[in-house]
Protein chains: 2
Amino acid sequence: MNIGDVATASGLPAKTIRYYEDVGLIAPRRGANGYRRFDQTDLHRLAFLGRARSLGFSIEECRELMALYGDKHRASSDVKQIARGHLARIDAKLDELRQMRAALADLVEACAGDDRPDCPILADLADTTTATARAGG
Amino acid sequence: MNIGDVATASGLPAKTIRYYEDVGLIAPRRGANGYRRFDQTDLHRLAFLGRARSLGFSIEECRELMALYGDKHRASSDVKQIARGHLARIDAKLDELRQMRAALADLVEACAGDDRPDCPILADLADTTTATARAGG
DNA sequence: TATTGACCTTCCCGTGACTGGAAGCCCTAT
DNA sequence: ATAGGGCTTCCAGTCACGGGAAGGTCAATA
């Protein structure tokens, strides 16, 4: 299979597949014409990568996960540790976004959104007495 | 005030303040020695920027918001539109992260995390029949 | 006066995970 | 021969900075 075929099959852009080769996540063979030639193993690895990335794992985590996947003597605790670390980062990001959302939603709600210039959103941003730490009430 | 003073006063790193000047968000004067000289207006703008950034507005949105802030004939609807666009992006990101979290949490829970190699996390990532679309049962 | 040491300047590179685009080779069909 | 599509490499850009080098400035001190 050429790169276009695996791109279609895996759902990953050809650019991304080349990038994965660049960073050493896959190592497809080359044909006499210089084209990458992908086999089922490559396709399998790309599918693995696609799913891991869709779960938000970083490239480095993907590298570790794939190494563990190929290691028959792995301990599942090693895998779980990576996953839990990632889960913790997701939770931290969720908290951050939820706080942003709450503050922003309050401001949006308070703003008339008409043709007058008065705007609680700008007022809050320009307010020198607060430090973006307010809960609506 | 030199850059170190406004960095302390605004809570923004000096590097960030220079960057904001680079992209045209602030324009402090210069002393004879080439040092940036910040006045109260600059400090006010930096505080505005710090709060807008902490709410997750992009640099370009900050630029628009500051322009609106300085425009006495603005319509609050313009401000609200920017804020709502940002809110929508936050909500989209929240949805994405929540889905990731749910899928990942299921996998983490299913994994024994001991010294045996069996691992539902790796099994799921390597599963060629699913496309990361499963809800725990 | 010379020297420290803190502060400031500009400039360039690196981040993560790609994406866009240019220049050019390969392959197939007509 | 030519047209087109697909493939190759390489370079640059994304976003919002951060790190660090090389060097100028300032206030205080020996």
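Numbered from 1 within each chain, the chains take letters A, B, ... in sequence-line order.
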Next item on the list: May I ask you to say what B:R53 touches in the nucleic acid, namely base, sugar-phosphate or nothing, with a heavy-atom cut-off under 4.0 Å?
Entry: sugar-phosphate

Item checked: Whole angstrom value for the distance that separates P of D:dT9 from CD1 of A:I3 -> 9 Å

Check: Given atom CD of B:E60 and atom C1' of D:dC15, what is their separation to the nearest angstrom?
Finding: 11 Å

Next item on the list: For A:K93 and C:dG16, give me the distance from atom NZ to atom P, rounded to whole Å.
Entry: 15 Å

Item checked: Distance in angstrom units between A:M1 CE and D:dG6 P, rounded -> 15 Å

Next item on the list: Figure out the OH/P separation between A:Y19 and D:dT14, and round it to whole Å.
Entry: 18 Å

Next item on the list: Please state how far atom CG in A:D22 lies from atom P in D:dC10, giving the value in whole angstrom units.
Entry: 9 Å

Next item on the list: Just call it for A:R18: base, sugar-phosphate, or nothing, with non-hydrogen atoms closer than 4.0 Å on any strand.
Entry: base

Note to self: Under 4.0 Å from OP1 or OP2 of C:dC8: is there any side-chain N or O of B:R30 that close?
What the structure shows: no

Notebook entry, point to check: Does a distance-only test, which skips hydrogens and angles, find a donor-acceptor pair under 3.5 Å between the side chain of A:Y35 and the base of D:dG6?
Noted result: yes

Item checked: A:R36 vs D:dT8: side-chain N/O to OP1/OP2 distance below 4.0 Å -> yes

Next item on the list: For B:K15 and for A:G56, find the nucleotide of DNA chain C with the closest heavy atom, then tell me which residue's nucleotide is more 5'.
Entry: B:K15

Margin query: Any carboxylate oxygen within less than 4.0 angstrom of a Lys/Arg side-chain nitrogen, looking at A:D124 and B:R51?
Written below: no

Margin query: With a 4.0 Å cutoff (strictly under), does any side-chain N or O of A:T16 reach OP1 or OP2 of C:dT19?
Written below: yes

Notebook entry, point to check: Do A:D118 and B:S76 have side-chain N/O donor and acceptor atoms under 3.5 Å apart?
Noted result: no

Margin query: To the nearest 0.5 Å, what is the distance between CG on A:L49 and CD1 on A:I26?
Written below: 7.5 Å

Check: Mind checking whether A:L65 and A:F57 have side chains closer than 4.5 Å, heavy atoms only?
Finding: yes

Next item on the list: Ignoring hydrogens and angles, tell me if any N or O in the side chain of B:E96 forms a donor-acceptor pair with the backbone of B:K93 under 3.5 Å.
Entry: no

Checklist line | Which residue lies more 5' along DNA chain D, comparing B:S58 with B:N33 via nearest heavy atoms | finding: B:S58

Margin query: How many whole angstroms separate atom OH of A:Y20 from atom P of C:dA17?
Written below: 8 Å

Item checked: Whole angstrom value for the distance that separates P of C:dC18 from CD1 of A:I26 -> 12 Å

Notebook entry, point to check: Which part of the nucleic acid does B:F57 contact within heavy-atom distance under 4.0 Å: base, sugar-phosphate only, or nothing?
Noted result: nothing

